[in-house]
Protein chains: 2
Amino acid sequence: MPAMPSSPAPGGRGRRPVDRPPITPTGIVDAALRLTETEGLDAWSTRQLAAALEVWPRAVYHHIGDRDAVADAVADRVVGMISLPSQELAWREWFSALLLEGRPVLRRYRGVARRLVRIGPIIPSALTMMDRGILVLQEAGFAEGATAAYRYLTNSAFTLVMVEDDRAENLPEARERLAGALAAHRDDPERRGLAAVGAAVTSRGTDDPEAIAALEDDFYAYTVERSLDGVAAVLSRPDRGGLSG
Amino acid sequence: MPAMPSSPAPGGRGRRPVDRPPITPTGIVDAALRLTETEGLDAWSTRQLAAALEVWPRAVYHHIGDRDAVADAVADRVVGMISLPSQELAWREWFSALLLEGRPVLRRYRGVARRLVRIGPIIPSALTMMDRGILVLQEAGFAEGATAAYRYLTNSAFTLVMVEDDRAENLPEARERLAGALAAHRDDPERRGLAAVGAAVTSRGTDDPEAIAALEDDFYAYTVERSLDGVAAVLSRPDRGGLSG
DNA sequence: ACCTGAACACCGTTCAAGT
DNA sequence: ACCTGAACACCGTTCAAGT
């Protein structure tokens, strides 16, 4: 067996067994989806993906293209998993359902939220979501303000998922430094604003993962509600409904 | 001169001139700040930073530590450049000023916004900003809701800067695909929601950088206003002011 | 058409040693 | 104390060749 100085051996044995069928674009995305679930979209390498498929990295390029092409396909699959609410719901309920149901799907595949907000329009399933959402807003009377409102509502929620994904990537040591930095000012008379945060942080468990998850759930729901309130405000002030210019 | 198989030559010559003073933590952050301005916080490498200082990579580790430590110091410098509004302003004006003035600073140093929303509490200058902001909200009557409102307002604006940074990283080719994907549905009767976006996109110049910047400015201002509206809504409904639990 | 095997030009970090 | 020079264990992508 030859030495492999710059690539991991695909599957550990020298050559792909002859009885195995050729890899396919669908199979590549299946494997990338599994890696995204365990590692996150930005954490797996093309070499890991190739190893999972038991081929050399070059084979993946032959079927789909570079890392970005694979990641785009993964994002399309994941966004397609988000079920779109019924078009008969009122706009506020429609978006509330979409954003609350979208979070667990996106969080399961860390890094997809970032890609969604970055290149949404070239993700086919995101275009479908956008079409439905804008229709709902148009029918609710948002007129020219519908596109800005759509982008604002989805950005608010999905960028928060992106931040949650980023923080999940933090090492335990970094998480402790974060909680500690806030708790340190709990009784600081010079920084009465931070003292309030410190008190809030220390009153709940900062080490219990379930307590932290509950805090994240609450702040996500708060974010969705405040953004819906913010957009609702333009309906009562139609002069400010669209973007200027 | 010996071969350097795994590191660039610092400064191109074999050895650092004896007359140069030793590098310092401050000098390292100065150089990293310049690289962040030209390349973005995530785009420069420790090797590039070392080359700019005309030392071998190991020397940087000796004075500050790893890449994360340098990036944290850069983020602290940049956030410290954001001037805090007068504490005498009303809460809405205070946040409007902070978020509108914070954007150009953060965009000048791409990637810092992401780090700010990810590890804010361990960035000293971000803690100062947080202390002031929460005081302003407390004095405006937000009570226990002040910390959630602070996080919501700063997240809304700074995560949008993060998305703008990400999109600035897109290659021209990817930017065209994005605009094209929306414009493609301009006259699509099957997708009336997307048609509205397509029309809006094609009515303005999609290639003129100034027109694109103006659209981004408008949407940022819209985002800030909607978030302020969303938070203002809790003042009139005090039962929903804080987070549940 | 599909894939191998190796290479190219990079990373971040750490080793042991030198002055 | 400060820094060199080299190494370790990785990256994404591309080359030329094999079946």
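Heavy-atom basis, side chains included; hydrogens, waters and symmetry copies ignored. A, B, ... follow the sequence lines: proteins, then strands. Residue 1 opens every chain.
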Pairs touching residues 73-83 of chain B that satisfy side chain to side chain donor-acceptor pair (under 3.5 Å), sequence neighbours left out: B:Asp30-B:Arg77, B:Asp76-B:Ser125, B:Ser83-B:Glu101
Close residues, residues 60-76 of chain A, relative to DNA chain D [heavy-atom separation under 4.0 Å]: A:Tyr61, A:Asp66, A:Arg67
Base C:dG5 paired with A:Arg58 side chain (donor-acceptor, <3.5 Å): no
Whole-Å gap separating C1' (D:dC3) and CZ (B:Arg47): 16 Å
N/O (side chain, A:Trp56) to phosphate O (OP1/OP2, C:dC3) under 4.0 Å: no
Quick one: list whatever passes side chain to side chain contact (heavy atoms under 4.5 Å, CB included) with [X], sequence neighbours left out.
X: B:Arg108; answer: B:Glu37
X: A:Ala31; answer: A:Arg34, A:Leu49, A:Leu53
X: A:Ala149; answer: A:Leu137, A:Phe142, A:Val231, B:Tyr222

Partners meeting side-chain hydrogen bond (donor to acceptor under 3.5 Å, both in side chains) with B:Tyr150 (sequence neighbours left out): none
Under 3.5 Å, which donor-acceptor pairs link side chains of residues 209-217 of chain B to any protein atom two or more places apart or in another chain?
unit_1: B:Glu216; atom_1: OE1; unit_2: B:Arg107; atom_2: NH1; d: 3.1
unit_1: B:Asp217; atom_1: OD1; unit_2: B:Arg103; atom_2: NH2; d: 2.2

A:Pro22 side-chain proximity, nearest of D:dT13, C:dG5, C:dC3: C:dC3
Pairs touching residues 117-132 of chain A that satisfy salt bridge (Lys or Arg N to Asp or Glu O under 4.0 Å), sequence neighbours left out: none
Secondary structure string for DNA chain D (Watson-Crick or G-U under 3.5 angstrom, | for other-strand pairs): ||.|||||...|||||.||
